[in-house]
Amino acid sequence: MIKKCLFPAAGYGTRFLPATKSMPKEMLPVVNKPLIQYGVEEAIDAGLTTMAIVTGRGKRAMEDHFDVNYELEHQIKGSSKEEYLEGIRSIMDKSVFSYTRQIEMKGLGHAILSGETLIGDEPFAVVLADDLCISPETDGVLAQMVGLYKQFRCSIVAVEEVPMEDTQKYGVIKGDMIRDDIFKVTEMVEKPAPEDAPSNLAIIGRYILTPDIFDILRNTKPGVGGEVQITDALMQQAKDGCVLAYKFKGRRFDCGSVAGFVEATNYCFENLYE
Ligand code: G1P
């Protein structure tokens, strides 16, 4: 079954400069928790136990976050402040973290391929921490997808409908509906202009991938933006076998943009913060 979750987290986060000049964008706090911690919590809720993080130069704050800080913990021991660390403590008790570095920035497909050494030959989940997903009334998005994987045993991408003018920000799919919320992918295009988009169903940053994706990625030529695109590799997988697109239940905030980040912050402050 699926035990590992890959977090491509080597990007520069230029849209948040100067905040991200010396701090990883994944460490930007949404209220009082860094973005990546929301993703890790979603993975743990889906039953995943190994967090495999593809990191890069200047991003060591992530490793320190998921580690003990003896001095700080000693200082606040016995005080009411200890409770602020309970969440992160419980994450560290429930999961193992492993890291590798993406040496060159050659796209999301390349980042995922860099993670092969941490994943090996088994199906795995991928979380793009920029997409913050909240499903207050049901299981988290990854848990929904892990459930589907048990049934279908193939790669799955999470999708949502976006306004047609936004298709160029996403990978966009077309497929045959096999349930009101599941499509068998027949077409998949990375960042199409609205007039070229096969639909308005956009891929968001949650994937379940079968390990044959690594061999496909090794042979995938750079696509849009000169980068190796996971979307192109998945299209190949869909041609050879099966890839599903799943309209997830819940809300997704685009924390890769300042506006989406502020929206997520307001939502989390009003609905989740105690
Ligand atoms: C990446 C993927 C794209 C996907 C998006 C979701 O793009 O390449 O297919 O729709 O994540 O957030 P990026 O946002 O890294 O440009």
Side-chain angles (χ1 to χ4, degrees), residues 5-16 20 24-26 28 30 35-36 38-39 42 53-56 102 104-115 125-134 141-142 145 155-175 183 185 187-194 196-209 213 216-217 220-238 243-248 250-261 263-264:
C5 187
L6 189 70
F7 294 80
Y12 299 123
T14 43
R15 270 186 274 178
F16 285 88
T20 46
K25 64 173 171 166
E26 294 78 8
L28 292 173
V30 173
L35 252 184
I36 193 160
Y38 289 87
E42 189 185 320
I53 303 186
V54 178
T55 174
Q102 187 184 3
E104 288 175 286
M105 301 300 124
K106 291 191 196 163
L108 179 57
H110 177 258
I112 292 174
L113 184 56
S114 306
V126 176
V127 167
L128 307 184
D130 281 359
D131 280 333
L132 175 54
C133 292
I134 297 186
V141 177
L142 268 193
M145 294 172 79
S155 290
I156 308 170
V157 296
V159 292
E160 75 175 0
E161 290 184 37
V162 296
M164 220 47 213
E165 64 266 26
D166 285 346
T167 56
Q168 53 219 335
K169 296 187 195 159
Y170 302 98
V172 177
I173 71 111
K174 187 178 165 187
F183 301 82
V185 171
E187 240 184 288
M188 215 178 218
V189 193
E190 181 66 11
K191 304 205 169 74
D196 301 326
S199 77
N200 69 335
L201 284 174
I203 302 169
I204 63 123
R206 299 291 181 277
Y207 305 76
I208 303 280
L209 301 175
I213 200 74
I216 300 176
L217 278 169
T220 301
K221 304 252 168 343
V224 172
E227 298 187 331
V228 177
Q229 300 292 352
I230 187 63
T231 305
D232 296 342
L234 279 163
M235 185 59 232
Q236 189 57 47
Q237 220 181 24
V243 173
L244 298 180
Y246 169 59
K247 267 172 109 173
F248 65 95
R251 267 189 85 166
R252 165 248 174 196
F253 296 93
D254 172 17
C255 291
S257 76
V258 174
F261 191 91
E263 205 189 330

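Both ligands and their constituent atoms are indexed starting at 1 by order of listing.
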With a sphere of 6.0 Å drawn around CZ of Phe16, does it hold more than 12 non-hydrogen atoms of other residues, nucleotides or ligands?
yes
How about Lys174: does its NZ atom have over 12 heavy atoms from other parts shown lying under 6.0 Å from it?
no
For ligand 1, find each of its N or O atoms that sits under 3.5 Å from a protein N or O atom, and tabulate the pairs with distances to one decimal place.
unit_1	atom_1	unit_2	atom_2	d
ligand 1	7 (O)	Lys191	NZ	3.3
ligand 1	8 (O)	Glu190	OE1	3.4
ligand 1	8 (O)	Glu190	OE2	2.7
ligand 1	9 (O)	Gly171	N	3.0
ligand 1	9 (O)	Glu190	OE1	2.7
ligand 1	9 (O)	Glu190	OE2	3.4
ligand 1	9 (O)	Thr231	OG1	3.3
ligand 1	10 (O)	Gly171	N	2.9
ligand 1	10 (O)	Ile203	O	2.6
ligand 1	12 (O)	Asp131	OD2	2.8
ligand 1	16 (O)	Lys191	NZ	2.7

Only one of Arg252, Arg251, Lys247 passes side-chain hydrogen bond (donor to acceptor under 3.5 Å, both in side chains) with Glu160; say which it is.
Arg252
Between the side chain of Gln102 and the main-chain N/O of His110, is any donor-acceptor distance below 3.5 Å?
no
Residues Lys25, Asp130: salt bridge by 4.0 Å N-O rule
yes
Distance-only donor-acceptor hits, side chain of residues 221-228, under 3.5 Å, sequence neighbours excluded:
none

